[in-house]
Number of protein chains: 2
Amino acid sequence: MDTPTRTDVARGRRAPQARTRVVVADRNAITRAGIRAILERSPGTAVVGEAATYDLATQAIEEHGPDVLVIDLDLGDDTTRGLALCEDVHERFPDTHILIIASTLSEMVLIEALRRGAIGYLVKDQVTADELTKSVRAVQEGETAFGRGVGAVVAKTLGSSKPSDDKLTERETNVVQLVAQGLSNQQIAHELFISVSTVKFHIHNASRKLHALRRAELVHHATLAGLI
Amino acid sequence: MDTPTRTDVARGRRAPQARTRVVVADRNAITRAGIRAILERSPGTAVVGEAATYDLATQAIEEHGPDVLVIDLDLGDDTTRGLALCEDVHERFPDTHILIIASTLSEMVLIEALRRGAIGYLVKDQVTADELTKSVRAVQEGETAFGRGVGAVVAKTLGSSKPSDDKLTERETNVVQLVAQGLSNQQIAHELFISVSTVKFHIHNASRKLHALRRAELVHHATLAGLI
DNA sequence: TTTTTACCTATCCTTATGGACAGGTACCCC
DNA sequence: GGGGTACCTGTCCATAAGGATAGGTAAAAA
């Protein structure tokens, strides 16, 4: 029957039957169902697509051209892909506003996501149903929406004029992962076929980027930031 | 009006209008809504109560005497309270079957929870709507329900006849927290007004309990176990 | 009262870690 | 071709960490 093209969908966006069309991307089926249940309490809001992976998310956005994309950037092994997706969506679908719904408040992810076009950031464990509804509404209108504690981080970072924390390189991430597993520098060197000096070098750089003074702190920060 | 006693509620449990009565306890409003939405797709299943804290959970159970308690044991700062709650519910409401829905697969929490009366354990990020529905049904019938990967851990631990991991003492937890912040043994000693030897002693014991060989691994395990 | 538990301290010794240098290659972009 | 980035390697040296051992106290439980 009618197979609407992307443009048709985009034009039909503000049709009376659904003023707000949302796509939800989260690897967790329960969370997706929860967001859908909460948002659809508001008449005029419809969750038109769900996705559990980056590929499915891209597909759903292309198919539905939603007003709002509610997304957890931790859909896969690689957080970078989530940020890339933000950028991509922001460029290709400028009318789709992005609301991040994260497990933790990671300054790096937050700042990077905002730079790539997201305009809202909520922390799962702290958000109420009401806040979620309001945030989606705000974001749909192009306004920002930050959960509790998030605003302060944004202000701090913007105030300090420091663009953001450095990201770890692939190799650094590998090394940090092994550090977290309790391997010694020697074991890591053996594992990655590099010298102990190189291992130290990567740990040193990763520590600087994550503001850690020793490996225990490094692991803690990396774990909280979802790098592991 | 009719203020049904607990016994009344328990007796009315298999009334035709709702064969399965569920209480959901999770600190996360989205997750609660999601579990409710998924479970209530099954006719005959009703979520009769929601709770975001241990106190509210206890209250909801006392009030509704549900068939199934679906609970994330991480409702507060103290994971021990969740385990205590399991034990308490299991003793006081033997007909209420407990299904754990955890963020991560923690062997310690899993085993301890099973020992205290829980009969199901699912991992949030890996569960599908269908599995959740089936698990609740199984648990309601008094059968066990384990998510992907969980069964293997259960088998392994039961096979090794090792009762379970030790819990960290208060002091050990303090020390590990400071370790995670990147403090050296000396700094920790100064912070806690104890000697460096004592700090090492506690770290040594905590490492043994958490099966960590070095402090980086210790921090990682402790972070994942929610001790920090 | 005896035992257990949590807690605290110490010494000796080996190995690991981290800082400061001082270099190298390969690749991509302007 | 120059500059940037990621990556790799080495040495020297001070300090931190961790294992093995061997004690101690105070309070709660058996």
Side-chain angles (χ1 to χ4, degrees), chain A residues 78-81 83-84 87 108 112 163-223 227, chain B residues 78 80 83-84 108 112 163-223 227-228:
Chain A
D78 185 4
T79 317
T80 323
R81 279 203 64 191
L83 294 170
E87 202 161 12
M108 177 195 139
E112 285 300 312
S164 87
D165 291 355
D166 286 321
K167 287 169 302 200
L168 298 192
T169 67
E170 191 185 334
R171 207 54 165 173
E172 284 160 359
T173 307
N174 287 339
V175 172
V176 172
Q177 285 169 344
L178 295 176
V179 168
Q181 286 167 32
L183 275 64
S184 69
N185 288 349
Q186 218 155 43
Q187 291 173 305
I188 294 170
H190 184 258
E191 185 82 16
L192 298 179
F193 306 105
I194 57 181
S195 79
V196 175
S197 301
T198 308
V199 174
K200 286 182 174 185
F201 174 79
H202 289 309
I203 290 176
H204 181 75
N205 290 329
S207 298
R208 181 177 40 72
K209 291 180 181 177
L210 294 181
H211 306 120
L213 289 174
R214 39 197 97 240
R215 54 171 56 205
E217 199 180 3
L218 175 65
V219 168
H220 190 220
H221 289 181
T223 305
L227 293 175
Chain B
D78 186 3
T80 322
L83 294 170
M108 178 194 141
E112 285 300 313
S164 89
D165 294 352
D166 286 322
K167 286 170 303 205
L168 298 193
T169 66
E170 189 184 337
R171 205 57 164 174
E172 284 161 358
T173 307
N174 287 339
V175 172
V176 172
Q177 284 170 344
L178 295 177
V179 169
Q181 286 167 32
L183 275 65
S184 68
N185 289 349
Q186 217 155 43
Q187 291 172 305
I188 294 170
H190 185 258
E191 185 82 16
L192 298 178
F193 306 105
I194 58 181
S195 80
V196 175
S197 302
T198 307
V199 174
K200 286 184 176 185
F201 174 80
H202 289 308
I203 291 175
H204 181 75
N205 290 329
S207 298
R208 181 177 38 72
K209 291 181 181 177
L210 294 182
H211 304 120
L213 289 175
R214 46 199 90 239
R215 53 172 58 205
E217 197 180 5
L218 176 65
V219 168
H220 190 221
H221 288 181
T223 306
L227 293 175
I228 304 176

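As the structure is a prediction and not an experimental result, all values here were calculated from the model. Chain letters run A, B, ... following the sequence lines, proteins first and then strands; every chain starts at 1. These numbers come from the heavy atoms of this one structure, side chains and all, not from hydrogens, waters or symmetry mates.
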* Provide the start and end nucleotides, 5' to 3', of the part of DNA chain D that has atoms under 4.0 Å from heavy atoms of chain B. => D:dA16 to D:dG19

* If every non-hydrogen atom of A:V219 is compared with every non-hydrogen atom of B:V219, which pair is closest and at what distance? -> CG1-CG1, 4.2 Å

* To do: Could you tell me which residues satisfy side-chain hydrogen bond (donor to acceptor under 3.5 Å, both in side chains) with A:T169, sequence neighbours excluded, listed by chain and number?
  => A:E172

* To do: Let me know the distance between CD of A:Q186 and C1' of C:dG18, rounded to the nearest Å.
  => 15 Å

Using the 3.5 Å cut-off, write out each protein N or O paired with an N or O of nucleotides 26-28 of chain C and the distance between them.
none

* With A:E191 via salt bridge (charged side-chain N to carboxylate O under 4.0 Å, His left out) - residues at least two apart -> none

* Residues two or more places apart in sequence or in another chain: which of them pass side chain to side chain contact (heavy atoms under 4.5 Å, CB included) with B:S197? -> B:S195

* **Test side-chain hydrogen bond (donor to acceptor under 3.5 Å, both in side chains) applied to B:Q186 - qualifying residues, sequence neighbours left out** => none

* Asked: Between A:R214 and C:dT17, does any side-chain N or O lie under 4.0 Å from OP1 or OP2?
  -> no

* Asked: What residues, two or more places apart in sequence or in another chain, satisfy side-chain hydrogen bond (donor to acceptor under 3.5 Å, both in side chains) together with B:S184?
  -> B:Q187

* Structure fact -> Taking every heavy atom of B:H221 against every heavy atom of B:A212, the minimum-distance pair comes out as ND1-CB, 4.4 Å

* **Between P of C:dT17 and CG of A:L218, the distance in whole Å** => 12 Å

* Structure fact -> Heavy-atom nearest pair, A:A222 first then A:V176, reads CB-CG1, 3.7 Å

* To do: For B:R171 and B:I194, run side chain to side chain contact (heavy atoms under 4.5 Å, CB included): C-alpha distance rounded to whole Å, both residues' side-chain angles, the deciding distance at 0.1 Å, then the answer.
  => CA-CA 11 Å; B:R171 205 57 164 174; B:I194 58 181; 3.5 Å; yes

* Please round to the nearest 0.5 Å and tell me the distance separating atom NE2 of A:H220 and atom CZ of A:R214. => 15.0 Å

* May I ask you to verify if any side-chain N or O of A:N185 is less than 4.0 angstrom from the OP1 or OP2 atom of C:dT17? => yes

* **d(CZ, B:R171; C1', C:dT9) in whole Å** => 13 Å

* Contacts of type side-chain hydrogen bond (donor to acceptor under 3.5 Å, both in side chains), residue B:N205, not counting sequence neighbours -> B:R208

* Hey, could you give me the OG1/NE2 distance between A:T173 and A:H202, rounded to the nearest 0.5 Å? => 10.5 Å

* Asked: Taking five pairs at each end of the helix from C:dT1-D:dA30 to C:dC30-D:dG1, what angle separates the two helix axes (nearest 10°)?
  -> 50°

* To do: Indicate the atoms forming the closest heavy-atom contact of B:K200 with B:N185, along with that distance.
  => CG-ND2, 3.6 Å

* Structure fact -> Residues in residues 192-205 of chain B with a heavy atom under 4.0 Å of DNA chain C, by number, are B:I194, B:S195, B:S197, B:T198, B:F201, B:H202

